[in-house]
Asker: 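Here it is: the structure, laid out below.
Proteins get letters first, then strands, A, B, ... in listed order; numbering begins at 1 in each.
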Amino acid sequence: AGLSDRYTPQEVEGRIYQFWESRGHFNAEDRSTKPPYAIILPPPNVTGFLHMGHALDHTIQDTLIRWKRMSGFNALWLPGTDHAGIATQNVVEKELKKEGKTRKDLGREKFLDRVWEWKKTYGDRIVNQMKRLGDSCDWRRLTFTLDENVSQAVRRVFVQLYRQDLIYRGTRLVNWCPRCETAVSDLEVEHIETKGHLWHIAYPVEGTSEKLVVATTRPETMLGDTAVAVHPDDERYSALIGKNVVLPLLNRKIPIIGDTYVDREFGSGVVKITPAHDFNDYQIGDRHKLKFINILTVSGQLNDEAGPYKGLSVKDARAKVLEDLKAQNLLVKEEDHRHAVGHCERCNTVIEPFLSKQWFVKIKDLANPAQRVAESGTIVFEPESWTKTYLHWMSNITDWCISRQLWWGHRIPAWHCQKCQTVNVAETKPENCEKCKSSELVQDDDVLDTWFSSGLWPFSTMGWPQETETQKTFYPTNVLVTGHDIIFFWVARMIMLGLHFKKDVPFRTVYLHGIVRDAQGRKMSKSLGNALDPVELIDKHGADALRFTILCQIASGRDMKFSEQRLEGYRNFMNKIWNATRFSLAALEDFKTPEQGTETLPKKSELSQVDRWITYRLGQVERSVEEFLEQYRFSDAANTLYDFVWHDFCDWYLEFVKPVIYGQPSTEREATQLVLAQTLNRIVRLLHPMVPFITEEIYAKLPIRNEAAIVDQYPTVLRDRTWLSIGSEEAAHEIELVKEVIAAIRNIRGENGIKPSQGIKVFLDPSDGDVQKLLGKNKTSIMRMAKVDECVIDRVESLSKCAVTPVVRKDSRVQVIVPLEGLVDIEEEIKRLGKAIEKNQKDINLMTQRLSNENFVKNAPEDIVAKDKEVLEALKQKNNNMRENLARLQS
RNA sequence: AGGCGCUUAGCUCAGUUGGUAGAGCGCCACCCUUACAAGGUGGAUGUCGUCGGUUCGACCCCGGCAGCGCCUACCA
């Protein structure tokens, strides 16, 4: 029908996507008689670009959504994009830096204009890239995390949590990025194993000549020391508790305290305590009511408290401190030391524990219910092993620092009274201070952690805090698909906040996938230069090939290695589908579209065994695919279809059918045409959720079809039972026998080096009349597919100088006999037979050994023993045949 | 330090109630056969990480060890 012999996705994909979109096929309805199915898209960063991680994430979701849509669900895939606070701010700051400016040069307002400008420029890009992948989102509902309705939800949540005493403000030690000049959460700190040093410093004990030696990896922090600690039971030092040491360099008197936190075995057993710059020391400082001396500025320089070191960077201060200590002979020892140093996840700057006033979510009360839903199975993790990780984190969770000293994000809805310092928390700016009624109110400068708004995503995108039909219909959603790297950042917080504000889980299943790595297993990164661009791959090979490659390679939750070579393999599969269609359409040129469409059955009497075989196989495939998809076993589903289409449908069915198609018109031919058309129709539908573009393109050309593949029904054994009823297991066995006969002839040809151009004569010696009839019916196919010139189906007496391969299947047996006289060197055939006998003998030995084991016969289940006996008999018979023939060849 | 995962063909991985080890890609040989050379046919390839246990029987179940990876973590 004028199709090109190569599938060219470039000509197809844009058009098809527009077709779907313009027909509204992606849209889900708030009110529908269909059962709901919903997935919330993890919103990509609006300034980012589509990467392989998205390709993986989205392919899974789109496959699920399309599958459910075709299965009769009111399927909603709700898309959105994320403002990604710190990440985006950093990108724009980098941009400014090129102009030699900082965000401070512009000021808050101007800087935010710049970010919005950036968002406008790059915002649509990610959406367009998603469309290139084929994402069938309901774009009418596209939401940005800074949209007004989301902001409203954010403010409502903040205020309510505050009123419920679940949000508080306090001065705490937090992780501070001196470059971003903001607090970050524990999760945003990346611990990198670093080669450092452990310096041993002597602190003179006041009024004695004694010195206590402390060890530290960060000597500059000594400027903020407010105590040294020893273990209270440590005989070496316990007497000193209560006395003071003189802090070198600053000559400050600080107490010696006892605390069981100290490990007597480590170093000298004495620890310097810097409550304002170390998380452990902070706790000790708290316990012992020590002074908290902050020695750093927000940008990580030393401040007034550092005396002579004021103004130095941490790095410079460290060097200077060490130099000065050395000069005073107080640096006792310096040793190499490997330890994990916290780095800012966004800009890789070393994180400093820093004392500052921040907003926190009191997390325990939120975490408990979130823990219970995972324990009870209300939320199921897939793979299941993540449940444990999640629960472990939940039970060790600490309060969440939600304020960021950034400009890009949701401004904290708190107003500080300039007169009485009261903090007024409200959804909108209050007129007057709630305490002193002053109107001098200034909004808090900070913005919220990006993940705060992300945590509300499942319901904020559905119109919350308003009551909406969307929520009634689609909340809780069915499945969340995301990478396991954000299980704590995002998944956990959605569960906590969803339970708290919606009184129900946000989703029932969490499907966690790994990350996409390069062919060598390295993480893809811009700096390594090994990052593949999915859009480029789509340009080159098509979205379907990319999607199918991903689906085939998903190994339950594990990282995946991706290579373009592999992709080309699956692109070839797309081409295979295309060409099978091309052939089929040509074969169906004179086919009359039946009125009952997919329900039209052929007359049983006109059906060939091949037709009943392929339909039987189709039924098996439909069953497997459904099971696999239900279990999120995407690679099994994809591979099942790959095998069926390529190996059953293309390699065998289409070849079997050719003689019929090319033959004279007949009712049998019509029946075969119907089966061909019906099978192709189902293949297209089965594949559609995975490879939507090519299947939609093909669908439009099918003689049997409905409106569009995307909204047609997904075939399952239940829904498709009428059609599948013509399949037959009996026929399947017969065809398998014929296939084996053909394979046997091909093997003889191949192994003996008989060229394809060389015609041969074949005798098929059947064990009984049924087999003879069966072979007769398939004679044309056998001759075609094995390249046989002459085929005799009959008893054969003389077997001299012949290659003989016995084919045994159930009760049916066929001797495949190829006379070799004058064709080949008999030696070759002797070699081939020898090889076959050897293999067969090995199997016989194994089986004999097992069956002669009394214990096996006694203990193994009867059916296993019986089956093995059968197998052994068949093997032996085959062996005899082959040996006889070998003897004849050698005589 | 704790937790989790992995180790099967050259590479990537299947192998779900324990019953003669599989696929794709790659490789070798032969073929431009009228859907497809992005194709067809045939072929080669494994002490299933290691040691032990359970069992008639172990890639599969149990334990030890080794190697790799990931996550969590306050040892100065």
Side-chain angles (χ1 to χ4, degrees), chain A residues 3 5-7 186 191 198 214-218 221 229 261-263 265-274 278-283 337 339-340 353 383 385-386 388-389 392-393 396 484-485 487-488 514-515 519 521 541 545 552-553 555 557-563 565-566 568-587 631 633 635-636 639 642-643 650-651 654-655 658 662 743 746-757 784-787 842-847 850 853-861 863-865 867-868 871 875:
Chain A
L3 298 191
D5 68 351
R6 286 209 179 165
Y7 172 59
D186 296 348
H191 294 276
L198 194 58
V214 302
T216 181
T217 53
R218 297 187 300 153
T221 62
Y261 157 76
V262 179
D263 178 358
E265 310 299 317
F266 190 91
S268 58
V270 186
V271 187
K272 63 189 272 304
I273 304 296
T274 323
D278 183 281
F279 286 98
N280 294 311
D281 295 5
Y282 179 84
Q283 284 175 13
H337 184 69
H339 60 141
S385 58
W386 285 105
K388 214 171 157 180
T389 311
H392 179 258
W393 187 76
N396 292 300
H484 56 232
D485 48 335
I487 182 167
F488 307 134
I515 63 168
H541 306 295
C552 280
Q553 288 195 98
R558 278 193 280 161
D559 291 352
M560 126 182 357
K561 290 182 196 174
F562 190 97
S563 81
Q565 191 186 24
R566 194 69 180 262
E568 281 169 22
Y570 290 107
R571 182 227 27 212
N572 294 352
F573 179 52
M574 297 306 119
N575 200 228
K576 190 73 179 174
I577 296 169
W578 184 254
N579 276 296
T581 305
R582 207 155 68 95
F583 168 81
S584 303
L585 294 181
Q631 297 167 45
R633 288 167 61 174
S635 59
D636 288 325
N639 282 314
Y642 181 97
D643 272 355
C650 292
D651 287 352
L654 293 185
E655 294 303 327
K658 275 176 185 174
Y662 296 146
R746 284 170 174 174
N747 175 268
I748 291 168
R749 293 195 79 114
E751 294 278 273
N752 280 299
I754 303 171
K755 298 238 170 198
S757 51
R784 256 187 73 92
M785 292 163 78
K787 303 222 173 296
K842 252 164 77 182
D843 293 344
I844 289 178
N845 292 347
L846 210 120
M847 213 46 89
R850 180 186 300 174
N853 181 343
E854 273 179 44
N855 284 323
F856 171 69
V857 181
K858 205 167 62 193
N859 294 319
D863 55 321
I864 297 279
V865 178
K867 206 184 93 196
D868 281 0
V871 169
L875 285 171

Asker: Are OP1 or OP2 of A38(B) and a side-chain N or O of Arg6(A) less than 4.0 angstrom apart?
Answerer: yes
Asker: Base, sugar-phosphate, or nothing: which does Cys650(A) touch, judged by heavy atoms less than 4.0 Å apart?
Answerer: base
Asker: Determine the Euclidean distance between corresponding C1' atoms of U17(B) and G69(B); express it in Å to zero decimal places.
Answerer: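 About 30 Å, rounded to a whole number of Å.
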Asker: If you take all heavy atoms of Gly269(A) and Val262(A), which pair is closest and at what distance?
Answerer: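 So the minimum-distance heavy-atom pair works out to O-CG1, 3.4 Å.
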Asker: Please determine if a side-chain N or O atom of Asn747(A) lies less than 4.0 Å away from the OP1 or OP2 oxygen of U41(B).
Answerer: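 No.
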Asker: So which heavy atom on Cys650(A) is nearest to which on Lys576(A), and how close?
Answerer: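 Nearest heavy atoms, Cys650(A) then Lys576(A): CB-CE, 3.7 Å.
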Asker: Just compare A37(B), G43(B), C71(B) and give me whichever is closest to any side-chain atom of Thr389(A).
Answerer: C71(B)
Asker: Just call it for Lys787(A): base, sugar-phosphate, or nothing, with non-hydrogen atoms closer than 4.0 Å on any strand.
Answerer: base
Asker: At under 4.0 Å between heavy atoms, what does Glu655(A) touch on the DNA or RNA strands: base, sugar-phosphate, or nothing?
Answerer: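 If one applies the 4.0 Å heavy-atom cut-off, Glu655(A) turns out to touch a base.
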Asker: Taking only nitrogen or oxygen atoms into account, show me every contact under 3.5 Å that the protein makes with nucleotides 17-24 of chain B, one pair per line with its distance.
Answerer:
residue : atom : partner   : partner atom : Å
U20(B)  : O2   : Asp843(A) : OD1          : 3.1

Asker: Where the side chain of Pro756(A) is defined as all heavy atoms beyond and including C-beta, which of G26(B), C30(B), A76(B) is the nearest nucleotide?
Answerer: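 For Pro756(A), the side-chain atoms sit closest to C30(B).
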Asker: Touch check for His541(A), heavy atoms < 4.0 angstrom, all strands: base, sugar-phosphate only, or nothing?
Answerer: nothing
Asker: Just checking, is any N or O donor in the side chain of Thr274(A) or Lys272(A) under 3.5 Å from an acceptor N or O on the other one?
Answerer: yes
Asker: Can you figure out which of C36(B), G43(B), C71(B) approaches the side chain of Asn579(A) most closely?
Answerer: C36(B)
Asker: Expressed in whole Å, how much space separates the C1' atoms belonging to C32(B) and G24(B)?
Answerer: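 The same atom, C1', in both gives a distance of 25 Å.
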Asker: So, OP1 or OP2 of A76(B): does either fall under 4.0 Å of a side-chain N or O from His337(A)?
Answerer: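 So the side chain of His337(A) is within the cut-off, an N or O lying under 4.0 Å from OP1 or OP2 of A76(B).
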Asker: Rounding to the closest angstrom, what is the interatomic distance between C56(B) and G15(B) at atom P?
Answerer: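 These two P atoms come out 28 Å apart once rounded.
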Asker: Remember a base hit wins even if backbone is also touched, and classify His339(A) as base, sugar-phosphate or nothing at under 4.0 Å, heavy atoms.
Answerer: sugar-phosphate
Asker: Can you see which heavy atom on Arg749(A) is nearest to which on Ala786(A), and at what distance?
Answerer: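 Shortest heavy-atom contact: NH1-O, 3.3 Å.
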Asker: Could you please name the option among G40(B), C30(B), C75(B) that lies closest to any side-chain atom of Asp263(A)?
Answerer: C75(B)
Asker: Expressed as a whole number of Å, how far does the P atom of G46(B) sit from that of A23(B)?
Answerer: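 The answer is 14 Å between these two P atoms.
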Asker: Test of understanding: with ring-ring contact (aromatic ring centres under 6.0 Å, His included), list the residues that count as partners of His337(A), not counting sequence neighbours.
Answerer: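 Here the qualifying residues are His339(A).
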Asker: Quick check: on RNA chain B, is the nucleotide nearest Cys552(A) upstream (toward 5') of the one nearest Tyr7(A), or the reverse? Name the residue that is more 5'.
Answerer: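 In this pair, the answer is Cys552(A).
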Asker: Considering all heavy atoms of both residues, which atom of Lys561(A) and which atom of Gln553(A) are nearest to each other, and what is their separation?
Answerer: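 For Lys561(A) versus Gln553(A), the nearest heavy atoms are O-OE1, 3.2 Å.
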Asker: Determine the contact category for Lys858(A): base if any of its heavy atoms lies under 4.0 Å from a base atom, sugar-phosphate if only primed atoms, P, OP1 or OP2 are that close, otherwise nothing.
Answerer: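 Touches nothing.
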Asker: Could you check which of A73(B), U72(B), C56(B) has an atom nearest any side-chain atom of Ala340(A)?
Answerer: A73(B)
Asker: Looking for any heavy atom pair under 4.0 Å, which part of the strands does Gln553(A) touch: base, sugar-phosphate only, or nothing?
Answerer: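 Result for Gln553(A) = sugar-phosphate.
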Asker: Asn747(A) side chain to Ala743(A) main-chain N or O, any donor-acceptor pair under 3.5 Å?
Answerer: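 Side chain of Asn747(A) to backbone of Ala743(A), a donor-acceptor pair under 3.5 Å: no, none is there.
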Asker: Could you tell me whether Asn575(A) contacts a base, only the sugar-phosphate backbone, or nothing, with contacts defined as non-hydrogen atoms closer than 4.0 Å?
Answerer: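 If one applies the 4.0 Å heavy-atom cut-off, Asn575(A) turns out to touch a base.
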Asker: Between G43(B), U72(B), A35(B), which nucleotide has the shortest distance from any of its atoms to the side chain of Phe583(A)?
Answerer: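 Comparing G43(B), U72(B), A35(B) against the side chain of Phe583(A), the answer is A35(B).
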Asker: Considering only C30(B), G40(B), C13(B), which nucleotide approaches the side chain of Lys576(A) most closely?
Answerer: G40(B)
Asker: Mind checking whether Phe488(A) and Trp393(A) have parallel, tilted or perpendicular rings, split at 30° and 60°?
Answerer: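 Rings of Phe488(A) and Trp393(A): parallel, as their planes differ by under 30°.
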Asker: Tyr662(A) vs Phe583(A) aromatic rings, parallel, tilted or perpendicular, using cut-offs 30° and 60°?
Answerer: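 Ring orientation of Tyr662(A) relative to Phe583(A): perpendicular.
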Asker: Taking N and O atoms by type only, does the side chain of Lys755(A) place a donor or acceptor under 3.5 Å from a partner on the base of A29(B)?
Answerer: no
Asker: By the 4.0 Å heavy-atom rule, please label Arg746(A) as base, sugar-phosphate, or nothing.
Answerer: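 Since only primed, P, OP1 and OP2 atoms lie under 4.0 Å of Arg746(A), the category is sugar-phosphate.
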Asker: For Watson-Crick and G-U wobble pairs within 3.5 Å on both distances, what is RNA chain B written in dot-bracket notation, | included for inter-strand pairing?
Answerer: ((((((((.[[[[.)...(..]]]].(((((.......))))).....[[[[[..)....]]]]])))))))....
Asker: Considering only atom P, compute the distance from G18(B) to A35(B) and round it to an integer number of Å.
Answerer: 48 Å
Asker: Take atom C1' in G5(B) and the same atom in A44(B), then report the distance between them in whole Å.
Answerer: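 Here G5(B) and A44(B) have their C1' atoms 34 Å from each other.
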Asker: Would you kindly compare Lys388(A) and Lys658(A) by the position of their nearest RNA chain B nucleotide and give the one closer to the 5′ end?
Answerer: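 This one resolves to Lys388(A).
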Asker: Grab the two heavy atoms, one from Asp651(A) and one from Met785(A), that are nearest each other, plus how far apart they are.
Answerer: O-CE, 4.2 Å
Asker: Please name the pair of heavy atoms, one in Phe856(A) and one in Ile864(A), separated by the smallest distance, quoted to 0.1 Å.
Answerer: CZ-CG2, 4.1 Å
